[in-house]
Amino acid sequence: MAAKLSAWRNPSYLESSTGIFFFFCAWGVWWSFYQRWLVTGLGMTNTQVGNIYSINSVATLIIMFVYGVIQDELGVKRRLAIFIAAIAALVGPFVQFIYAPLMRSNIMLGAMLGAVVLSAGFMSGCSLIEAITERYSRKFGFEYGQSRAWGSFGYAIVALIAGFVFNINPMINFWLGSAFGLCMLLVYAFWIPDEQRDEIRRESTPEGEKSQPSLSDMLHVLGMPALWLLIIFMIFTNTFYTVFDQQMFPTYYANLFATPQLGNQVYGILNSFQVFLESAMMGVVPVIMRKIGVRNALLLGATVMFARIGLCGFFHDPVMVSIVKLFHSIEVPLFSLPAFRYFTLHFNPKLSATLYMVGFQIASQVGQVVLSTPLGMLHDRAGDQVTFYTISLVVLAALIYGIFVLKRDDQQVDGDPFIRDSQKSAVTQG
């Protein structure tokens, strides 16, 4: 691991942060209103929206696993990042001329084609870009949370304008995604700091220490019970990040206002403010982890999720629901940052991309495949409150399960050890 430099003097930090910033701009400008577009632009019911999310999730979990295996083979090479950026740059014309017309004429064919393209460029692409950034942080000496915060900052900026643009014409959102995708493509294709070039050459030499894992390494980890216990925890917690926040909350929130147009605008502003806070929390959560540990940080994230979704069912006025929505800014960093650290703590760090894809993101996609449609049907039949309470109780059950199955930070340390601040102080005093 490289010695940490001041972030602004570290070229790999600057490159990674710029790349992830443009990726989240390209994704967030249309993804934050994707569910609203399916409902208002294409006239879908909640059940149909659930079916679309399930199909998207099937494609995502397959592509995500492939991405993880390939990236672990590539090491620090960024060929997949360039591929993802190229898709992001084409999202506008794809949706305008292919996806939207197909969804109106042949919804199943359109859903399947869209699932492949949108997943390869965004849903699976998000996990891959995060995994590359995390790997670079360990290789080139910067804090992953600091770099990932720029992604949240980018999402916040575009979410601020997305609601206003959506009311003019939803297709503008997708074309703005293409513009940001082009910027992302330029970063990953042409901005290669010297230390990254040196690392690529080092990994390519026969005498160099290989960072790529072997097939036996992968099979060994995938056969470990500890990974599958974690996957179950993720299926019934992080799954609801998309099922609730993308599939249900936008329409629920917009309907709290006098007109859907006003709801769209306020939701865009709220979403932007929430993600700005999330960006700040990306820098705070590493401090929290050093105080309470990796395992406890994950459990804290599940606790926040349980409270947030349940309170959305309890409150029915825009002000209180908006306040509860802001809990999201704490929850996202408490899942993503401790999850990465959990994998590099308890498993082989060489497999960080594969493990993050399988143990964190693919687990969530499996949950979406299984739960999106039935929860959409429940939403149509029972309404918001019953659905939100049901999801909240499922998260509570997963939280109790996690208390018993998640490894403590000093158990099964097969990767990089994690030392809390209190432990460092004890060592210093001793």
Side-chain angles (χ1 to χ4, degrees), residues 53-54 57 60-61 64-65 68 123-124 126-127 130-131 134 220-247 285 288-289 292-310 327-328 330-349 351-372 374-375 388-415 418:
Y53 274 86
S54 292
S57 296
T60 298
L61 70 89
M64 203 176 287
F65 180 78
M123 283 84 85
S124 298
C126 174
S127 305
E130 288 178 329
E134 191 275 340
H220 172 69
V221 172
L222 293 177
M224 295 177 68
L227 176 61
W228 296 102
L229 291 173
L230 177 64
I231 284 174
I232 294 171
F233 174 77
M234 290 298 178
I235 285 176
F236 292 104
T237 53
N238 197 55
T239 290
F240 297 113
Y241 172 79
T242 296
V243 174
F244 176 77
D245 289 287
Q246 297 295 336
Q247 186 176 322
V285 166
I288 295 175
M289 274 199 294
I292 69 174
V294 177
R295 173 183 178 272
N296 290 338
L298 271 175
L299 293 174
L300 180 59
T303 303
V304 174
M305 176 180 284
F306 157 70
R308 181 174 66 89
I309 296 175
F327 289 5
H328 194 174
I330 307 170
E331 174 190 315
V332 172
L334 280 173
F335 268 104
S336 59
L337 301 185
F340 256 126
R341 193 63 186 92
Y342 190 94
F343 292 127
T344 58
L345 171 62
H346 297 292
F347 303 98
N348 184 350
L351 291 158
S352 60
T354 299
L355 287 169
Y356 182 67
M357 302 292 189
V358 173
F360 186 67
Q361 296 291 359
I362 291 183
S364 302
Q365 297 302 322
V366 169
Q368 288 172 45
V369 171
V370 174
L371 298 172
S372 286
L375 285 173
F388 296 173
Y389 283 159
T390 301
I391 294 173
S392 184
L393 289 174
V394 172
V395 174
L396 176 61
L399 170 61
I400 295 170
Y401 163 84
I403 291 172
F404 292 99
V405 303
L406 293 182
K407 299 289 184 185
R408 296 193 310 270
D409 296 353
D410 57 356
Q411 281 183 300
Q412 190 185 306
V413 180
D414 294 333
F418 182 84

statement: Taking every heavy atom of Val285 against every heavy atom of Pro338, the minimum-distance pair comes out as CG1-CD, 4.2 Å
query: For Phe335 and Leu298, what are the C-alpha separation, side-chain angles and deciding distance, and is it a side-chain contact (heavy atoms from CB on, under 4.5 Å)?
result: CA-CA 6 Å; Phe335 268 104; Leu298 271 175; 4.3 Å; yes
query: With no hydrogens and no angle check, is any side-chain donor or acceptor of Thr60 less than 3.5 Å from a backbone partner on Ser124?
result: no
- line: Looking only at heavy atoms, the pair that brings Ile292 and Asn296 closest together is O-ND2, 2.9 Å
message: Distance check, rounded to the nearest 0.5 Å: His346 atom NE2 versus Lys407 atom NZ?
response: 8.5 Å
- prompt: Does Phe388 have its ring centroid less than 6.0 Å away from the ring centroid of Phe244?
  reply: yes
- request: Please assess Ile391 against Met305 for the test side-chain contact (heavy atoms from CB on, under 4.5 Å), listing each intermediate value before the final yes or no.
  value: CA-CA 10 Å; Ile391 294 173; Met305 176 180 284; over 6 Å; no
Residue among Leu406, Leu396, Leu229 satisfying side chain to side chain contact (heavy atoms under 4.5 Å, CB included) with Tyr401: Leu229
field: Gly301 versus Glu331, closest heavy-atom pair with distance
entry: O-CG, 4.1 Å
message: Within this structure, what is the CD1-CD1 distance for the pair Ile288 and Ile330, rounded to the nearest 0.5 Å?
response: 8.0 Å
field: Spacing of CG belonging to Asp410 relative to CG belonging to Leu345, to within rounding of 0.5 Å
entry: 9.0 Å
task: List the steps, then state whether side-chain contact (heavy atoms from CB on, under 4.5 Å) holds for Thr237 with Phe306.
output: CA-CA 9 Å; Thr237 53; Phe306 157 70; over 6 Å; no
Where Leu399 and Ala302 come nearest, the two heavy atoms and their spacing: CD1-CB, 3.9 Å
- prompt: Is there a donor-acceptor pair closer than 3.5 Å between any side-chain N or O of Arg295 and the backbone N or O of Ile403?
  reply: yes
